[in-house]
K.L.:
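Can you keep this structure in mind? I'll have questions shortly.
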Amino acid sequence: MNTAIPRDATVDLARRHFIVRCAAAGGGLALGLHLPLGASTAEAAEASATEVDLWVAIRPDDTCVIRIARVEMGQGTRTGLAQLVAEELECDWNKVTTEMITAQRNYARKRAWGNMVTAGSRGIRDSHDYVRRGGAAARLMLLQAAANEWQLPVAELTVANGVIRHQASGRSTSFGKVAAAAAKLTPPDPKTIKLKSPRDWKLITKPVKRLDTADKVVGKQIYAIDLKLPDMLNAAIKDCPVFGGKLVSFDETKVKSMRGVRGAVRVNDSTVAVVADTWWHAQKALDALPVVWDEGEHAKVSSASIAAHLKTGLASDDAFADTLVGDTTKAIGAAAKKVEAVYAVPFVAHACMEPMNCMVKLSTDKAEIWLPTQNAEASLAALSSASGLPLEKCEVHSMDLGGGFGRRIGVQDVVRQGVAIAKAFPGVPVKLTWSREEDLMHDFYRPIAQARMEAGVDDQGSLVALHVRVSGQSINAFANPAAIKDGKDVRQLQGLWKQPGDAQFGYTVPNLRIEYAMRNTHLPVGPWRGVNCNQNGIFLECFMDEAAKLAGKDPLAFRRPLMDRHPKHLGVLNATAEKAGWGKPLPRGVFRGIAQFMGYASYVAAVAEVSVSAKGEVKVHRMVLGTNCGHFVNTATVAAQVEGSVAYGFDSLLTGITVQNGRVVEQNFDRYGIARMAQMPTIETVIAPTHDFWGGVGEPTICVAVPAVLNAIFAATGKPVRTLPLALSGLTLI
Amino acid sequence: MGMRSRNEKCFGACSVHIDGEVMRSCSIPVAFAAGKRVVTIEGLSRDGSHPVQKAWREYDVPQCGYCQSGQIMAAAALLRKKPKPSDADIDEAMTNICRCGTYQRIRAAIHAAAGTGKAGGSVIHVVDAGADSVVAAIDDRAQASASGRSA
């Protein structure tokens, strides 16, 4: 089955060592193929395509190569960005292909392709304008080239599907024929380009098929973990199981003679790796390697001690108030009815399906890395600083990711580890692959948090006062302390901000206090799909249902009057409630829950239909989830992200990371539960656009999916769910 | 033969067919497969023409795609045993983990491949917010960027 002899890389399509071993035994399962891996192949691709402008290159056969500067990790951005460019380019969508811009190329051209980070639901909303202008500029240049050739005024030409016509003379040409001439023209000033009105969009908003599906259903999609390079070695890694601990020593002599082993490497002051011919040999030897750790000062920390630490932040004096309206203490004291509740959510791990990995090849004048990354520019910088080579001599081959979810953005831990290991084997490619245990034990977790919530309602059942006190770990304190201004870490209150535009609190309450007390732990934390909107959405929206019950009101009817001044929040809530049939009869034993929130510049809402058995078995039957992301590019992709948000949110209902003796307890999927097919409800997506802004899609919905389910459980049982995962509240998801 | 029962730590991305049964290759020693017919995703069809692969394309099932080879192998094995599976059959057979959450489309694609006639897939309501709201202005109008307030 070997169909090609690769020039600079062999890729084994077989997924796991079992298959690789069969192939080695003559099973013939390995299939080699060409890959756009090195600069040489990128240049070859370039040679056949003419660059019209930054975003568009065209081949003589009319193929339009649309450049993409954001990675594809399943969220559909590659297809969406191509749609945006193609809309203005007026090319034949069936002749579109895409090309990833590398970090080195972007660096060499002074970041002409802009920011490459793929996170924060920003793939489309941050680049829609300049990529559309890029498509439009290319179209204008191609038209001008045809006009020049025919010596006609450009205004007399029309273009559609990559074909340029002159109606009067009947002449026509195609993009492929005029691309070379167009490339010689001076591109128009992007600012002078008039983009199409949304009314005239033909591709944008349409559910065109994803460009990456075909390879993914026949096993041709290559992830970094699948790569093989000639003479490569494999590395397995172990970081001190207790965060903050140190690697004292290891005895390489005990494993040196094991099969395939080339050596053990001190990676950094807390990490050791074993390098061998295969990953399995490396991991076996690593498991057998005698290692002495200094577990350090955190070796006695447990989930109980962390919870106690966070609890001190629920009533302490060190919190800062980001929102302060009226006097909540006084108003709650004087309220006809009051309710107080403490909520708690655990650390949560990303658990990307593709474990953390990278391949590094170092020589005296070149450093190369192949990896899944959400920020290839950060990977480039880390490669440069770790290898000691200047940026010009570094190359990042960013492969499509087997999941990202925030894990592979800023902290380039794997890059530094990979380089440290590869330094011991100059000129030899070394692939570092983390075990699942390492992945779950050394993640940058969604921050643990608690919240004390207090509300007062008047005798009319209106909310007159709300006090939100969040206590928990800060992402910025761990990852970016400079972002904390005057000791006020507003990021932890994401989704509760008074400022419009990104993650605004959606209610008007006469007495309102929203504050945060920082309580850090020794665990590393970071962004996890939806980031702080996750826990803040749970705290706020579940407590709103507690307040509604106190007021004796229907949860939707209770919220509506509080949202008059937030019409977009209210709009999507109403649209979702309507499609869900809020208030209409349900089968016996089935109850609804509702939630709304804002994140990543989009307004979202959800309704869940749930039944709960006497044994606490929760079955989610149906969910209706609405989003107003302003403009949308592809309805099918929006729906996929909404459906995915439900599943990812459900994982956080099911599971959490706990700590014992300073280390993570859940080390694999036997203890870290992931939602499976049978647990998923029927999901309906409501797209309720107002067409006047660009919001994110990948993350916002997760922040309502979970509270809607919890509120439905509350409706079913009469008992609020204040502690996650569900098991801690005596519930299971079936 | 050293066979383990279902490996709880495995998520199924490595699923292959061994003599027609779907198995998770990470949990199977090579000796077990010796002399048996091993089929990977590449062997299901050379050109993606297997009914399951066709249905996967029709429903644009994959997101990141990492688990999808295993999902497709599990679905193909299910259909060989139960050509017209019910939702309960699908729930029981399809235990592979997908972290992107493609489950709804997987279910729909299995029904489509099997020709059960059960409709499914994404349910999408686009609520017309009124023609007036389809404004010509493309620029962000409400995007007041709040310093320090980003995710």
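Owing to the predicted nature of the structure, the values given are computational and were not obtained by experimental measurement.
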K.L.:
In terms of ring plane angle, is the pair B:Tyr66 and A:Tyr223 parallel, tilted or perpendicular, where the classes change at 30° and 60°?
P.N.:
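The rings of B:Tyr66 and A:Tyr223 stand perpendicular, inter-plane angle above 60°.
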
K.L.:
Name the region of B:Gln104, side chain, backbone, both or neither, that has any atom closer than 4.5 Å to a heavy atom of chain A.
P.N.:
side chain

K.L.:
Need one label for B:Leu44: side chain, backbone, both or neither, based on atoms under 4.5 Å from any heavy atom in chain A.
P.N.:
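When you check distances to chain A, no heavy atom of B:Leu44 falls under 4.5 Å.
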
K.L.:
Taking side chain as C-beta onward, heavy atoms only, is B:Asn96 less than 4.5 Å from B:Arg24?
P.N.:
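B:Asn96 vs B:Arg24: side chains touch.
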
K.L.:
In plain terms, say whether A:Arg125 and A:Asp502 are close enough for a salt bridge, that is, a side-chain N and a carboxylate O under 4.0 Å apart.
P.N.:
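Answer for the salt bridge query: yes.
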
K.L.:
Using a 4.5 Å heavy-atom cutoff, which residues in residues 110-117 of chain B come close to chain A?
P.N.:
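Listed by number: none.
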
K.L.:
Name the region of A:Ile683, side chain, backbone, both or neither, that has any atom closer than 4.5 Å to a heavy atom of chain B.
P.N.:
both

K.L.:
Could you check whether A:Tyr600 and A:Gln494, counting side-chain N and O atoms only, form a donor-acceptor pair closer than 3.5 Å?
P.N.:
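Yes, side-chain donor-acceptor contact under 3.5 Å.
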
K.L.:
What option among A:Cys533, A:Ala575, A:Ala640, A:Ala647 has the most heavy-atom pairs under 4.5 Å with chain B?
P.N.:
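Among A:Cys533, A:Ala575, A:Ala640, A:Ala647, the one with the most close pairs to chain B is A:Ala640.
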
K.L.:
With a 4.5 Å cut-off on heavy-atom pairs, point out which of B:Gly120, B:Cys64, B:Gly101, B:Cys100 contacts chain A the most.
P.N.:
B:Cys64

K.L.:
Hey, does the side chain of A:Lys216 reach the backbone of B:Gln63 with a donor-acceptor pair shorter than 3.5 angstrom?
P.N.:
yes

K.L.:
Do A:Ile225 and A:Pro355 make a side-chain contact, defined as non-hydrogen atoms from C-beta onward lying under 4.5 Å apart?
P.N.:
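Yes, at least one pair of side-chain atoms sits under 4.5 Å.
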
K.L.:
Strictly below 4.0 Å, N to O, side chains only: are A:Asp486 and A:Lys488 in salt-bridge contact?
P.N.:
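Looking at A:Lys488 together with A:Asp486, the answer is no, because their closest N to O distance does not fall below 4.0 Å.
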
K.L.:
Are A:Glu684 and A:Lys579 close enough for a salt bridge, meaning some N to O gap below 4.0 Å?
P.N.:
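Salt bridge between A:Glu684 and A:Lys579, a charged N being under 4.0 Å from a carboxylate O: no.
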
K.L.:
Which residues satisfy the salt bridge (Lys or Arg N to Asp or Glu O under 4.0 Å) test with A:Glu578, sequence neighbours excluded?
P.N.:
none

K.L.:
Judged by atom type as modelled, is there a donor-acceptor pair below 3.5 Å linking the side chain of A:Thr213 to the main-chain atoms of B:Arg57?
P.N.:
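Side chain of A:Thr213 to backbone of B:Arg57: no pair is present.
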
K.L.:
Please classify the contact between A:Phe405 and chain B as side chain, backbone, both or neither, with a heavy-atom cut-off of under 4.5 Å.
P.N.:
side chain

K.L.:
Where does A:Ala639 contact chain B at under 4.5 Å (heavy atoms): side chain, backbone, both or neither?
P.N.:
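Contact with chain B: backbone and side chain both.
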
K.L.:
Do you know which of A:Gln679, A:Arg210, A:Met680 has the most heavy-atom pairs under 4.5 Å to chain B?
P.N.:
A:Arg210

K.L.:
Do you know which of B:His50, B:Gln71, B:Gln68, B:Glu58 has the most heavy-atom pairs with chain A at a distance under 4.5 angstrom?
P.N.:
B:Glu58

K.L.:
Is any NZ, NE, NH1 or NH2 atom of the basic residue among A:Arg529 and A:Asp651 found under 4.0 Å from an Asp or Glu carboxylate oxygen of the other?
P.N.:
no

K.L.:
Please look at A:Asp212 and chain B and tell me whether the side chain, the backbone, both or neither of the residue comes under 4.5 angstrom of a heavy atom of that chain.
P.N.:
side chain

K.L.:
Taking side chain as everything from C-beta outward and backbone as N, CA, C, O, which of these in A:Lys209 sits under 4.5 Å from a heavy atom of chain B? Side chain, backbone, both or neither.
P.N.:
both

K.L.:
Applying salt bridge (Lys or Arg N to Asp or Glu O under 4.0 Å), name anything that partners A:Arg407, two or more places apart in sequence or on another chain.
P.N.:
A:Asp413, A:Asp443

K.L.:
Using the salt bridge (charged side-chain N to carboxylate O under 4.0 Å, His left out) rule, collect all pairs that involve residues 67-85 of chain B, keeping only residues at least two apart or in two chains.
P.N.:
B:Glu21-B:Lys81, B:Lys82-B:Asp89

K.L.:
Select one option (side chain, backbone, both, neither) describing which atoms of A:Pro207 are under 4.5 Å from chain B's heavy atoms.
P.N.:
neither

K.L.:
Determine the option with the most heavy-atom pairs under 4.5 angstrom with chain B, choosing from A:Phe650, A:Tyr648, A:Phe632.
P.N.:
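Of A:Phe650, A:Tyr648, A:Phe632, A:Tyr648 has the most heavy-atom pairs under 4.5 Å with chain B.
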
K.L.:
Between chain B and each of A:Ser121, A:Gly495, A:Ala675, count heavy-atom pairs under 4.5 Å; write down the option with the most.
P.N.:
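Answer, by heavy-atom pair count under 4.5 Å with chain B: A:Ala675.
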
K.L.:
Under a 3.5 Å threshold, yes or no: a donor from one side chain and an acceptor from the other, between A:Gln641 and A:Thr701?
P.N.:
no

K.L.:
Checking B:Thr102 against chain A: side chain, backbone, both or neither under 4.5 Å from a heavy atom?
P.N.:
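No part of it gets close to chain A.
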
K.L.:
For A:Ala636, is it the side chain, the backbone, both or neither that has a heavy atom under 4.5 Å from a heavy atom of chain B?
P.N.:
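Its backbone and side chain both get close to chain B.
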
K.L.:
Which one wins on heavy-atom pair count under 4.5 Å against chain A: B:His125, B:Arg105, B:Arg99, B:Lys54?
P.N.:
B:Arg99

